Undergrad: 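Structure provided below as structure tokens; questions to follow.
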Amino acid sequence: MEKLGVAIIGSGGMSAGHADSFLQLDQHIKLMAFTDIDLSRAKARAREFGAPIAVTDYQQLLKRSDIQIISIVSPPFHHFQTIIDSLDAGKHVLCEKPVVMNLAELDQVETAVHKTGLGFGGAFQWRFGASVRQAKALHEAGMFGDIMYASNNLYWLRTREYFDVDWRNSYQKAGGGIVFNLACHGLDALMFILGDIEHVSAELDALNYQMEIEDTGVVILRFKNKALGHVAATVNAQQQRSRVEIIGTKLEAISNDDPYCVAYEPWQFRSIDPGHQKAVNEFLKTQNFQYEPASHRRLIAEFVEAIMAQREPAVGVSEIRRSLQVLTAIYKANRLKRTIDLPIQKDDPFFTDLNPEL
Ligand SMILES: NC(=O)c1ccc[n+]([C@@H]2O[C@H](COP(=O)([O-])OP(=O)(O)OC[C@H]3O[C@@H](n4cnc5c(N)ncnc54)[C@H](O)[C@@H]3O)[C@@H](O)[C@H]2O)c1
């Protein structure tokens, strides 16, 4: 089988993670091109990762028959049109989170995916971390008992320069603030483990930086299985850390505090019942979970496997919708200062805009 050619759209910070992950698959993949509106960035990445092409306009690449996969790592406002153009041109698409700006755009993406039959996936990589997978397996085996509480605290540090980057400080270009763009990972991991959410309430604010999107937020979650939970996020921490905790009637999970590797480094699974603790330890030994550094490698390997097997990638449209539904409800809850039930319906103004005129 011929190797699949890959083009990476957007040659900023995250593009290196995509390139590195595709290069691990060199039996099946050939890294062909980088694009960026800043040609010097595209050229630098192309040199760094040995890709023969660097251009400013991705449309040039869509005409090429030696490129089959478009990997989108440009700013959020640029994702939707690139996805649609790429699918229309017959390319499979992997797109960075938060994927698209609203649920209406995701509906259009879904229509294009169904029409073309091409592969489409989003980049929620925390769920590929060994510890998140362990927690999910334990939950599915009933080892937690009933889960009563689940949370992610994400205390990161982002300086003024971070938000000075043109696309990072507005609803129009970033889609939302740090809950939409950063805490979406912890939220995705909690939903991956526990399942869907019934309703949310939220308070979001820009407490440190003067901008319309939030730098700090707290979200109360009620899961469909009745568990309560929260996501608390700020980018104003002095010492960066992140933690996931899950409390069940028979077992609790406490992650490490590593700000970026929380899903990947070992978690503690604790029970006060020694017999149950032993059963949990035995259960974990029977599973083949491998700790490895945080990266997009497993996500991208699974995406390529899915393309080759002509099946939907693990983070396909329906998984992206689950996350975007909850994120939309969070922004609505904050604006209206009340609890919001899921799902958000098509005639809701938030369905087409996370910051609508009301
Ligand atoms: N999954 C993760 O953990 C993770 C981590 C960081 C960023 N991201 C996502 O990756 C995407 C990019 O983030 P980043 O941190 O690399 O940003 P960045 O600002 O470092 O890079 C974005 C690049 O896109 C380029 N660009 C802008 N408009 C473009 C266009 N029209 N065509 C081509 N290139 C264009 C910019 O010049 C810049 O080089 C965002 O969607 C972000 O949310 C995901």
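Keep in mind the model is a prediction, meaning the values are calculated, not measured. One-based numbering, in listed order, for ligands and for the atoms of each. In what follows, residues are counted from 1 in the order of the sequence shown.
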Undergrad: Just to be sure I'm reading this right: ignoring hydrogens, which of P76, S74, G10 gets closest to atom 11 (C) of ligand 1? Compare them by their nearest heavy atoms.
TA: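 The option holding the nearest heavy atom is S74.
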Undergrad: Please list the nearest protein heavy atom to atom 5 (C) of ligand 1 with its residue and the distance rounded to 0.1 Å.
TA: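 Answer for atom 5 (C) of ligand 1: M14 SD, 3.3 Å.
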Undergrad: Any side-chain hydrogen bond (donor to acceptor under 3.5 Å, both in side chains) pairs touching residues 171-186, not counting sequence neighbours?
TA: D166-K173
Undergrad: Under 3.5 Å, is there a donor-acceptor pair linking the side chains of T216 and N236?
TA: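 Distance-only check passes for T216 and N236.
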Undergrad: Please set out all donor-acceptor pairs under 3.5 angstrom arising from side-chain atoms of residues 137-144, sequence neighbours excluded.
TA:
{"from": "E140", "atom 1": "OE2", "to": "K136", "atom 2": "NZ", "distance (Å)": "3.1"}

Undergrad: Pick whichever of R41, H79, H18 has a heavy atom sitting closest to atom 38 (C) of ligand 1.
TA: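 Considering heavy atoms of R41, H79, H18, the nearest to atom 38 (C) of ligand 1 sits in R41.
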Undergrad: Between Y162 and R168, is there a cation-pi geometry (under 6.0 Å to ring centre, at most 45° from the normal)?
TA: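 Output yes; distance and angle both within limits.
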Undergrad: May I ask you to check if ligand 1 and K97 share an N or O to N or O distance below 3.5 Å?
TA: yes
Undergrad: Ignoring hydrogens, just give me the one of Y58, Y260, W167 whose non-hydrogen atom is nearest atom 17 (O) of ligand 1.
TA: W167
Undergrad: Counting non-hydrogen protein atoms only, what is the nearest one to atom 21 (O) of ligand 1? Give residue, atom name and distance.
TA: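 I find the closest protein heavy atom is G12 CA, 3.2 Å.
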Undergrad: May I ask you to identify the nearest protein heavy atom to atom 12 (C) of ligand 1, giving residue, atom name and distance to one decimal place in Å?
TA: V73 O, 3.1 Å
Undergrad: Specify side chain, backbone, both or neither for H78, according to which of its non-hydrogen atoms lie closer than 4.0 Å to ligand 1.
TA: side chain
Undergrad: Among E96, R168, Q125, whose heavy atom sits nearest atom 44 (C) of ligand 1?
TA: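 Nearest option to atom 44 (C) of ligand 1, by heavy atoms: E96.
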